[in-house]
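Numbers for residues simply follow the sequence, beginning at 1.
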Amino acid sequence: MRRREREITDPNQIQEILDTCSYLHLGLVDDGMPYVVPLNYGVTKDESDGHYVLYLHGAHEGRKLDIIRKNPNCCFTMERNVELFEGRMACQYGMVYECVMGFGTVTIVEDVDEKINSLKILMKTQTGRDDFQFDERMVSIVTVMRIDVNELTAKRRPLPGSEG
């Protein structure tokens with residue numbers, strides 16, 4: 001990270017960003033060309049080693065799945081609290097934000113129990129509620145993807161003059 005003064009290293013602050021963004025931009029590579037798509041997500045941590053796991057869902061077919069089947073490597077970004085601030089001249093304008101960027105591997109979830117659990121995690125992340133119920137029939141109509149995150153960084157740009 002080039003701007004170390006903007007780096008967020010506090011795990012609680014990183015978790016808060018992950019828990020409160022509305023969507024992520026998933027970046028894939030399709031035969032050497034970038035492909036980016038915005039998606040809703042759910043976030044949790046793997047119980048065995050504590051790495052982040054992101055769950056996504058979508059249709060049973062399409063370009064995204066075709067790419068993932070060929071190349072499961074991915075990157076993603078999320079942002080929140082994005083707001084323009086003004087300056088006296090054009091080069092002094094900027095954006096306030098908090099963001100997360102990560103890399104990982106996408107797998108398609110086949111196990112019905114994991115699919116049910118992943119959709120509960122997704123709904124909890126998106127709504128704050130954990131009272132949704134899913135059954136095998138419901139999860140059979142969606143494809144669930146799992147990103148095992150192997151690298152994650154977070155960053156904040158506060159309003160100039162409010163840094164401290």
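Salt bridge Glu79/Arg157: absent, no basic N to carboxylate O contact under 4.0 Å.
Val36 belongs to no hydrophobic cluster with other residues, because no ILVMFWY side-chain heavy atom falls under 4.5 Å from its own, directly or through intermediates. Summarising the hydrophobic clusters (Ile, Leu, Val, Met, Phe, Trp, Tyr; side-chain heavy atoms under 4.5 Å, direct or chained), the residues clustered with Val29 are none. Met101 belongs to a hydrophobic cluster whose remaining members, ordered by chain and number, are Phe103; membership requires side-chain heavy atoms of ILVMFWY residues under 4.5 Å apart, directly or through intermediates. In this structure, Leu122 belongs to a hydrophobic cluster whose other members, linked by side-chain heavy atoms under 4.5 Å apart, are Val53, Tyr55, Val109, Val112, Ile116, Leu119, Ile121, Met123, Phe132, Phe134, Met138, Val139, Ile141, Val142, Val144.
Sorted by first and then second residue, the side chain to side chain donor-acceptor pair (under 3.5 Å) pairs involving residues 115-127 (not counting sequence neighbours) are Asn40-Gln126.
Atom CD of Gln92 is surrounded by more than 12 heavy atoms from other residues, nucleotides or ligands within 6.0 Å.
Residues Ile14 and Tyr52 are in side-chain contact: their nearest non-hydrogen atoms beyond the backbone lie under 4.5 Å apart. The side-chain heavy atoms of Met145 and Ile68, taken from C-beta on, include a pair separated by under 4.5 Å. Between Cys74 and Thr105 there is no side-chain heavy-atom pair separated by less than 4.5 Å.
Looking at Arg146 and Thr107, their side chains never bring a donor and an acceptor atom within 3.5 Å of each other.
Without hydrogens or angle criteria, Asp30 side chain to Met33 main chain gives no donor-acceptor distance under 3.5 Å.
In this structure, the side-chain contact (heavy atoms from CB on, under 4.5 Å) partners of Asn81, at least two apart in sequence or on a different chain, are Glu98.
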